[in-house]
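Have a look at the structure below, then the notes.
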Amino acid sequence: MWGVAMAAAQNEGAWNVDGRSPSIWDVFSRRNGKIKGGAKPYEACDFYYRYKDDLMLVKALGFTVFRFSISWSRILPEGVGRINKEGIVFYHKLIDECLELGLTPYVTLYHWDLPHELQKNGGWTSHQMLKWFTRFVTVCCEEYGHKVKNWIVLNEPMGFTSLGYMLGLHAPGKTGLSNFLPAVHNAALCQAEGGRIVRSLVAKANIGTSFSCSEVMPYTQKEEDILAAKRTDALLNRLFIEPALGRGYPQEENFPLLDKLHFHNKAWKYTERMKFNFDFIGVQNYFPLTVKYNALIPYLHASEVKAAARKVPHTAMGWEINAESFYRMIKRFWLYGGVTKIIISEGGAAFKDELINGVVDDTERIDYFQQYLSAVLKAKKEGVNVGGYLAWTLTDNFEWSEGYAARFGLIHMDFKTQLRTIKNSGYWFRDFLKSK
């Protein structure tokens, strides 16, 4: 199956209308210097009002799947408790429009936009997180479960826990292990519990969760670089999949950070509670990482050697383009026992797109998709059960801390006028899907 993916906080706008309360991104973006160009997600792509037009574009490009997320603060403005009727109605309209157009909706329950009301009480670090998340998932399943059968529980838990609760680069901007460790643990518990709730409330549900992943390579064959790569790999690639498969948290020799995680959560019942048999695993691989030993980086003792410094092909974000590495990561996730199907739940790249005389000639992006789709095909031919590919993303959008500077869309956005222009990569995808 072929589709596009997007997220509420990056596209909807309408941040304070129809009863929606602020999310952590609405609040974080007000802090000076946190978002490139001082950008805010308040209007974004105005998807809240333009969803019908955008779904027509999804259809026109030949896709059959539309992945979107539900804004928690649109549904439950206080995070728990009172249900906001207008928010409920919006997603009913969106889902109905998908079904009317013959698009299969894939719903992401949590795509990084926690209600600010819950962050005031600790957010993902709070021991109440599981209770809050249970409430949100239950409301969504009870409302939409008779129409939506495909569910993704969390989007990239490593992304929002590390960037939001360890490094402070993303909302809510918290730092340090005292935030990171509980956030990781709560996310691992919510990932499994969310799956169980969907299973119990939605008949014939197809349930997954999505992981960011990066092949981690040592810069040299020195032992210190190899060990730095192993530590980085344990965090970036193993931290959430292994608990879901019932293995508990990963262990890596001489890595005190993981020891702390085990020590904090050593009750046996947690291993059991973090396990859930997902119907599919969403793999999201944007770049491989080359690292070297660096004593100055706390805990990890590793730092990245950038693609530009190594003179290898890279995107406008500086992310290495390496389809062969992508292929290896698909194989690696497949070879974990217990993974029965893989969906590439996001895939795409940012380039410096220019709109010239009504045309965006993004040949680099077309090359990128050709290489990366060939990698998926290679894995599939070797027996990996790949169920689909969802391009990231439909329209250029609010790209988190990059603001509106990083463009990933198949459709160019003029954020001042909200004018949409299909890029050549969008037309390429349309022709590719027609021909297959």
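None of these values were measured; they are calculated from a predicted model.
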What residues, two or more places apart in sequence or in another chain, satisfy salt bridge (charged side-chain N to carboxylate O under 4.0 Å, His left out) together with Glu399?
->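 With sequence neighbours excluded, Glu399 shows a salt bridge (charged side-chain N to carboxylate O under 4.0 Å, His left out) to no residue whatsoever.
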Report the distance from atom [atom1] of [X] to atom [atom2] of [Y], rounding to the nearest 0.5 Å.
X     : Y      : atom1 : atom2 : result
Ser69 : Gln10  : OG    : CD    : 8.0 Å
Lys52 : Leu101 : NZ    : CG    : 9.5 Å
Arg67 : Leu390 : CZ    : CG    : 7.0 Å

What about the rings of [X] and [Y], do their centers lie closer together than 6.0 Å?
X      : Y      : value
Trp400 : Trp112 : yes
Phe278 : Phe276 : yes
Trp25  : His116 : no
Tyr372 : Phe326 : yes
Tyr165 : Phe180 : no
Tyr299 : Phe255 : no

Would one find more than 12 heavy atoms of other residues, nucleotides or ligands at under 6.0 Å from atom [atom1] of [X]?
X      : atom1 : result
Tyr219 : OH    : no
Asp414 : CG    : yes
Met1   : CE    : yes
Glu354 : CD    : no
Lys275 : NZ    : yes

Donor + acceptor pair across side chains of [X], [Y] (<3.5 Å):
X      : Y      : value
Ser71  : Arg20  : yes
Tyr110 : Trp124 : yes
Glu324 : Asn322 : no
Gln284 : Ser212 : no
Tyr336 : Glu242 : yes
Glu117 : Ser21  : no
Ser425 : Asp362 : yes
Asp113 : Ser23  : no

Quick one: are [X] and [Y] in side-chain contact, heavy atoms under 4.5 Å?
X      : Y      : value
Trp151 : Val137 : no
Leu130 : Glu193 : yes
Leu154 : Leu109 : no
Arg135 : Trp132 : no
Leu257 : Leu300 : no
Asn237 : Arg332 : yes

Given Thr108 and Asn155, is the side chain to side chain donor-acceptor pair (under 3.5 Å) satisfied, shown in steps?
-> CA-CA 7 Å; Thr108 311; Asn155 183 75; 5.7 Å; no
Name the atoms and distances for all side-chain donor-acceptor pairs under 3.5 Å in residues 285-292, with sequence neighbours left out.
from	atom 1	to	atom 2	distance (Å)
Asn285	ND2	Cys213	O	3.0
Tyr286	OH	Glu346	OE1	2.6
Thr290	OG1	Arg310	NH1	3.4

Please determine which of Tyr42, Phe90, Phe68, Trp15 meets the ring-ring contact (aromatic ring centres under 6.0 Å, His included) test together with Tyr48.
->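 Output: one option passes, namely Phe90.
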Which of these passes ring-ring contact (aromatic ring centres under 6.0 Å, His included) with Phe432: Tyr427, Phe63, Trp2?
->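 The ring-ring contact (aromatic ring centres under 6.0 Å, His included) with Phe432 is passed solely by Trp2 among Tyr427, Phe63, Trp2.
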Let me know which of Val283, Leu236, Ile281 forms a side chain to side chain contact (heavy atoms under 4.5 Å, CB included) with Phe211.
->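 That would be Ile281.
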Is a donor on one side and an acceptor on the other found under 3.5 Å between the side chain of Asp353 and the backbone of His412?
->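 Not at all, since once roles are kept as given, no pair shorter than 3.5 Å links the two residues.
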Side-chain donor/acceptor of Asp233 to backbone N/O of Ala229, under 3.5 Å | no
May I have the step-by-step check of side chain to side chain donor-acceptor pair (under 3.5 Å) for Lys147 and His92, ending in yes or no?
-> CA-CA 9 Å; Lys147 298 176 184 176; His92 271 301; 2.7 Å; yes
Please report the C-alpha distance between Lys423 and Asp396 in whole Å, then the side-chain angles of each, then the deciding distance to 0.1 Å, and finally whether the salt bridge (Lys or Arg N to Asp or Glu O under 4.0 Å) criterion is met.
-> CA-CA 10 Å; Lys423 301 177 190 177; Asp396 297 331; 2.8 Å; yes
Mind running salt bridge (Lys or Arg N to Asp or Glu O under 4.0 Å) on Arg82 and Glu78 for me, showing each step along the way?
-> CA-CA 7 Å; Arg82 178 180 67 87; Glu78 282 85 45; 3.1 Å; yes
